[in-house]
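This report refers to the structure that appears directly beneath it.
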Amino acid sequence: MTEITNLSSDLLELILSLLPIPTLLRASTVCKLWHSIISSSSFSILSNHPNKPWFFLHGIHNISSKNNQSFAFDPSSNSWFLLPTPSTPQHHQPNTSFVGTNSFFFITAPNFLYTPILHPFWHSTPPLHFPRINPLLGVFNDHGKHPKFIVVGGVKFIGNLVDIEDRLDVEIYDPLLGSWELGPPLPADFRSGNSSSSLSSALFKGRFYVFGIYSCFVSSFDLNLRVWSEVQTLRPSGVVFSFLIGCREQLVLAGVCRSSFVLWKVDERSMEFSEIAVMPHDLLSSLFDGDEDDKFASLKCVGLGDLIYLFNEDFHRMYPACVCEIDAASGRCTWRKVPQLPSLMNRFHKVVSFCSTVSLHSILGEREGPGLQ
C-alpha cells in the first residue's frame with residue numbers, strides 16, 4: 001500500500017483541503033510539510049471552506065486582566081476556539097475603552113492602540129484629536145489593501161474625567177499616512193446618547209450607519225464624501241430595542257418586539273422595512289433562566305454576511321447564544337443554538353462581541369507562538 005508520506009504534495013494538499021478547520025489546526029502541527037501546505041495562501045483558496053463570519057466574544061475582568069479571555073465561534077464547524085488573549089498595556093482603561101470589530105481589538109483611551117485578534121501585538125497610532133471611551137468603531141477598505149479605521153461618537157476622555165455633552169468629530173485613521181483625518185460629528189439628534197452602550201453601527205455599501213438602539217434614530221456617514229445623511233426614524237410598531245446589522249445583500253434590523261425577537265429587511269434608500277422572520281420561541285426562551293420582567297435587557301445582537309447572532313451578556317447562563325442564517329437567494333431564515341462556551345472559568349464584568357470573516361491564512365500564516373485552541 002502507498003503511505004500518505006509517499007503522496008505528491010499536490011495530492012496531499014487536495015486531501016487536506018477536505019478537512020474541517022478544527023482538524024486542519026491539529027493537522028498543521030503534525031510536521032513542517034503539512035504546516036507549510038496548510039498555511040500557504042494557495043491552500044486557503046483550494047480548501048473552499050464556507051467563508052461564514054465567526055462570532056467573537058472577549059470577556060473583561062475588572063480586578064485582574066489575567067482573568068480576561070477571548071473566544072471565537074466558527075459556524076461552519078460548529079466549534080468554539082479559545083484565542084490568545086492580548087495583554088492590556090499599562091496606563092490604559094481596558095474596561096471602558098476596549099473595543100473589538102472586524103478582526104481587530106482596539107483601546108481608544110488615553111492613547112489609541114490596535115492589534116489583530118488572532119496574533120495579538122499592539123500597534124500605536126498618533127493620538128486621536130479627541131481621546132474617547134465607548135465609541136463606535138469600524139474597519140473598512142477604501143479602494144486599497146490596507147484597512148482604515150473610523151471612530152464615531154463616544155464620550156470625551158480628559159485625564160480620567162468625561163464630558164458627556166461634547167459632540168466629538170468623526171476621526172478616520174489611514175495606516176499608510178499614519179495620521180487621523182477629522183470629519184463632521186454625529187448629527188445633533190444623537191447627542192443624548194452617543195456611546196456604544198446606546199448605539200449600534202453597520203458598514204454597508206460604502207456607508208457607516210449609526211442607529212439608536214432605543215431612540216431608533218438612524219443616519220449614515222458616506223465614507224467617500226465624508227458627510228452624514230439626514231436623520232430618520234426606524235421604529236417598527238411595538239419594538240422595545242433593536243440593532244442595525246449590515247448583512248451581505250441587505251441591511252437588517254433585529255430587535256425585541258412584543259416579547260419576540262424579530263428580523264426586518266431595511267431598504268437603505270428609503271429606510272422602509274418589512275418583516276422577514278421571527279425567532280422560534282423555544283430558542284429565545286433558551287437564552288434565559290426564567291420570566292423576569294427585565295430579562296431582555298441583557299440581550300445583544302451582532303451580525304455579518306448572512307449570519308446574525310443573538311446572545312445573553314449575563315454570566316448566570318454562561319453567555320448562551322443562537323444564530324440565524326439568512327439564505328441570500330430565497331431569504332429563508334434558519335435558526336439554531338450555538339454550542340456552550342468551552343472551559344469558561346471566569347466571570348466577566350464586561351463582554352465585547354462582534355463578527356468577522358476569518359481565513360485559514362489569517363489563522364495559520366502568521367502564527368508566532370500560541371494560536372487557536
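Small disclaimer: the values here were computed from a predicted structure and weren't measured.
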Which of Phe243, Phe55, Trp54 passes ring-ring contact (aromatic ring centres under 6.0 Å, His included) with Tyr309? Answer is Phe55

Paired with Phe73, the ring-ring contact (aromatic ring centres under 6.0 Å, His included) test is passed by just one of Phe56, Trp80, Phe81, namely Trp80

Taking all non-hydrogen atoms of both residues into account, name the closest pair between [X] and [Y] and its distance.
X      : Y      : result
Leu287 : Leu299 : CD1-CD2, 3.9 Å
Ser242 : Leu253 : OG-CD1, 3.7 Å
Met271 : Leu234 : O-CD1, 3.3 Å
Cys355 : Val302 : SG-CG2, 3.8 Å
Leu244 : Ala202 : O-CB, 3.8 Å
Ser353 : Leu57  : CB-CD1, 4.0 Å

Look up atom [atom1] in [X] and atom [atom2] in [Y], then write down how far apart they are to the nearest 0.5 Å.
X      : Y      : atom1 : atom2 : result
Asp314 : Ser298 : CG    : OG    : 5.0 Å
Phe296 : Ser259 : CZ    : OG    : 4.5 Å
Thr115 : His123 : OG1   : NE2   : 6.0 Å
Phe140 : Leu203 : CZ    : CG    : 8.0 Å
Thr101 : Ile150 : OG1   : CD1   : 11.5 Å
Thr334 : Ile326 : OG1   : CD1   : 10.0 Å

Looking at Asp222 and Arg207, is there a salt bridge between them, counting it only when a charged N and a carboxylate O are closer than 4.0 Å? yes

So, Glu325 and Arg336, do they make that salt bridge, N to O below 4.0 Å? no

### Task
Walk me through it: do Leu186 and Val152 pass the test side-chain contact (heavy atoms from CB on, under 4.5 Å)?
CA-CA 7 Å; Leu186 268 171; Val152 177; 3.7 Å; yes

Flag the pair [X] / [Y] as yes when their ring centroid distance falls below 6.0 Å, and as no otherwise.
X      : Y      : result
Phe98  : His58  : yes
Phe211 : Phe217 : no
Phe105 : Trp122 : no

Checking Trp180 against Thr125 for the side-chain hydrogen bond (donor to acceptor under 3.5 Å, both in side chains) test, could you report, in this order, the C-alpha distance in whole Å, the side-chain angles of both residues, the deciding distance, and whether it holds? CA-CA 9 Å; Trp180 290 94; Thr125 74; 3.3 Å; yes

Joint hydrophobic cluster, [X] plus [Y], side-chain heavy atoms closer than 4.5 Å:
X      : Y      : result
Leu16  : Val30  : yes
Phe190 : Val218 : no
Val252 : Val240 : yes
Ile308 : Leu283 : yes
Leu251 : Ile245 : no

- Decide side-chain contact (heavy atoms from CB on, under 4.5 Å) for Ile276 and Gln250; before the verdict, give the C-alpha distance in whole Å, the side-chain angles of both, and the deciding distance to 0.1 Å. CA-CA 12 Å; Ile276 55 176; Gln250 60 193 359; 4.3 Å; yes

With a 4.5 Å limit on heavy-atom distance, are the side chains of [X] and [Y] in contact?
X      : Y      : result
Leu137 : Phe104 : no
Tyr173 : Val151 : no
Leu310 : Met279 : yes
Ile172 : Asp174 : no
Leu14  : Asp10  : no
Pro185 : Leu168 : no
Leu304 : Cys247 : no
Val351 : Ile60  : no

- [ ] Determine, step by step, whether Tyr319 and Phe311 satisfy the ring pair (Phe, Tyr, Trp, His ring centres under 6.0 Å) criterion, reporting the C-alpha distance in whole Å, the side-chain angles of both residues, the deciding distance to 0.1 Å, and the verdict.
- [x] CA-CA 6 Å; Tyr319 311 106; Phe311 73 100; 7.8 Å; no

*Go through the steps to decide whether Asn134 and Ser197 satisfy the test side-chain hydrogen bond (donor to acceptor under 3.5 Å, both in side chains), and finish with yes or no.*
CA-CA 7 Å; Asn134 282 339; Ser197 60; 5.2 Å; no

If only atom types and distance count, is the side chain of [X] paired as donor or acceptor with the main-chain N or O of [Y] below 3.5 Å?
X      : Y      : result
Glu171 : Phe130 : yes
Arg132 : Gly153 : yes
Ser260 : Val262 : no
Ser270 : Glu272 : yes
Ser97  : Ala109 : yes
Trp228 : Pro184 : yes
Ser219 : Ser229 : yes
Ser285 : Asp282 : no

| said: So for atom NZ, which belongs to Lys265, do other residues, nucleotides or ligands contribute more than 12 heavy atoms lying within a distance under 6.0 Å? | reply: no

Original post:
Would the number of heavy atoms belonging to other residues, nucleotides or ligands and lying under 6.0 Å from NE2 of His281 be above 12?
Top reply: no

Relative to each other, are the rings of Phe149 and Phe106 parallel, tilted or perpendicular (30° and 60° limits)?
perpendicular

May I ask you to decide if the ring planes of Trp335 and Phe261 are parallel, tilted or perpendicular, using 30° and 60° as cut-offs?
-> perpendicular

Any chance the side chains of Asp74 and Ser79 put a donor and an acceptor closer than 3.5 Å? no

Given Val210 and Ser220, is the side-chain contact (heavy atoms from CB on, under 4.5 Å) satisfied, shown in steps? CA-CA 6 Å; Val210 174; Ser220 64; over 6 Å; no

Stepwise, does the side-chain contact (heavy atoms from CB on, under 4.5 Å) test hold for Leu307 with Lys52? CA-CA 8 Å; Leu307 299 181; Lys52 295 181 179 179; 3.9 Å; yes

